[in-house]
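In listed order, ligands and their atoms are each counted from 1. Throughout, residue positions are numbered sequentially from 1 according to the sequence presented.
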Amino acid sequence: MNSFEDFNINRQLSQAVAGLGFDKPTPIQAEAFPVILSGRDVVGIAQTGTGKTLAYMLPVLQDLKFSKQEKPRVLVLVPTRELVLQVTEQIGRFSEGQNLRVLGVYGGVNINTQKIAAARGTDILVATPGRLYDLALSGSVQLNGISKLVIDEVDVMLDLGFRFQLKNIFELMPERRQNIMFSATMTEEVSALIDDFFTRPVRISIAVSGTPLHNIAQQCCAVPNFNTKVNLLTHLVSDRDEYRKVLVFVSNKKRADRLFEALEKKEIAETGIIHSNKTQSFRINAIRQFDQGNIRVLVTTDVMARGLDLDRITHVINFDTPEFPENYMHRIGRTGRAEQQGNSILFYTARETPAKEAIETLMSISIPVMEFPEGVAVSAELIPEERPRMAEVKQQRRSITVASGPAFHAKKEKNLKTNQGGSYKRELAKKYKKPKSKGDKNYYKHFKKK
Ligand code: AMP
């Protein structure tokens, strides 16, 4: 689909598009149009600036007929007030001449004005999740007429902690509806949301180039655990002449905090951190300090880093291996800008090895290996997330207690010596277990002993 004419869109829409001066669809628009129009659930991976707003609005508008219904039929959820304003304005331009009503609602302003606006009725509602939920709870907005739901920038939305509100909002909408979601990055949270709420979605994305820039030197290093990763990172960045501006990627906010704390303990001066739990002014300040060179090592997450335009980064350290290979390409693209020499180092544990291999498959190369430097301490101390989970431990215990056959008594004796936890509960359970029959020997033997 190389021209808007191939879309067969209605006259008003094609006039509106022509009026905007767009002569041909962007790649994401060409890919998204037929799929969204087919009515299936869609997950689009695209960054801002690719024309993604029109990519989802064009097929939605093409399908939306004039109606006097007051309840909104299309809901567009976005993470911030700025985006509500931007998207509302864009939809207004795309739908010119179509006689459609668009309303934008967001938090931080008087809710009553929005209640009055909602009471007038709308076809398309653009909203941030928190304010929308408040309006829905007060009965000012009814969501049971929604047939198409668009969630834009879902990675940012989940990173800001909106999952709970999203779930609540989903419950107020008809189950039979089309879900369309756009995200710039694929994260664990996004993936979980898709699994929970989408029905066999079609995934569309503008192919992420698997060819890294030639001026980025890549290396990878096998590291057994978090604390050893900290030791290795500390060792590397102690070379201040070489590591002048370092962006460190971790998989989530919790690990970002944990790493930042660890680096502070190691007294690595000039370390900063940004993620969505930090206030905006904190983040702006950290970015400024990093740009000015007062912060030399900046710890961040995929979602937070993608909007940043940071210059002259000497090293990208993948402290955690990204689970989605595309994110690796985005990460390393932060260094080696403007033809400067860039460097990327990937740390990977045994558990992260499949993810590292997926990255290598995407790039069709093996990342050159960096030997684990001599003199860096290998730590045996595990952080809570690395310790065997309780479920696994319980599973092991269960397999011990259900053992039967000739070895049963011997094992039982042995087991009594291990600390199985919850002994009080087990005592109670033993005491109050009902006899299976009147003369149940197993039951009555507890009393005989006493
Ligand atoms: P978005 O990714 O939706 O934020 O769009 C980025 C910018 O691209 C917006 O300013 C749009 O107006 C513009 N745009 C969207 N579609 C096209 C197109 N087909 N041709 C040229 N510009 C476009």
Thr26 heavy atoms, cut-off 4.0 Å: which ligand 1 atoms fall inside? 17 (C), 18 (C), 19 (N)
For atom 13 (C) of ligand 1, which protein heavy atom lies nearest, and how many Å away is it? Phe22 CZ, 3.8 Å
For Phe182 together with Tyr56, are the ring centres under 6.0 Å from each other? yes
Does either side chain, that of Thr228 or that of Asn231, offer a donor lying less than 3.5 Å from an acceptor on the other one? no
Identify whether the distance between the nearest side-chain nitrogen and carboxylate oxygen of Glu385 and Lys254 falls below 4.0 Å. yes
Under the ring pair (Phe, Tyr, Trp, His ring centres under 6.0 Å) rule, what do Phe22 and Phe4 come out as? Steps first, then yes or no, please. CA-CA 9 Å; Phe22 302 163; Phe4 282 114; 7.1 Å; no
Can you list the atoms of ligand 1 that are under 4.0 Å from a heavy atom of Gly51? 1 (P), 2 (O), 3 (O), 5 (O), 15 (C)
If we only count N/O pairs under 3.5 Å, is Lys52 in contact with ligand 1? yes
Can you tell which part of Phe4 has a heavy atom less than 4.0 Å from ligand 1: side chain, backbone, both or neither? side chain
Checking contacts now, so for atom 10 (O) of ligand 1, which I'm interested in, is there any protein heavy atom under 4.0 Å? no
May I ask you to identify the nearest protein heavy atom to atom 16 (N) of ligand 1, giving residue, atom name and distance to one decimal place in Å? Gln29 NE2, 2.8 Å
Checking side-chain hydrogen bond (donor to acceptor under 3.5 Å, both in side chains) against His275, which of Thr301, Asp257, Thr300 comes through? Asp257
Would you mind listing which atoms of ligand 1 come within a distance below 4.0 Å of any non-hydrogen atom of Thr53? 1 (P), 3 (O), 4 (O)
Just checking, any donor-acceptor pair under 3.5 angstrom between side chains of Asn179 and Arg177? yes
So is Lys356 actually on top of Tyr348's ring, under 6.0 Å and inside 45° of the axis? yes
Per-atom contacts of ligand 1 with Lys24, taking only distances under 4.0 Å to non-hydrogen atoms: 18 (C), 19 (N), 20 (N)
Could you check whether atom 7 (C) of ligand 1 has a protein contact, counting only heavy atoms that fall below 4.0 angstrom? no
May I ask you to check whether Pro25 has an N/O atom sitting below 3.5 Å from an N/O atom of ligand 1? no
Please check whether Thr50 reaches ligand 1 - meaning an N/O of the residue sits under 3.5 Å from an N/O of the ligand, judged on distance alone. yes
Decide yes or no for Phe7 and Leu37: does some side-chain heavy atom of the first lie under 4.5 Å from some side-chain heavy atom of the second? no
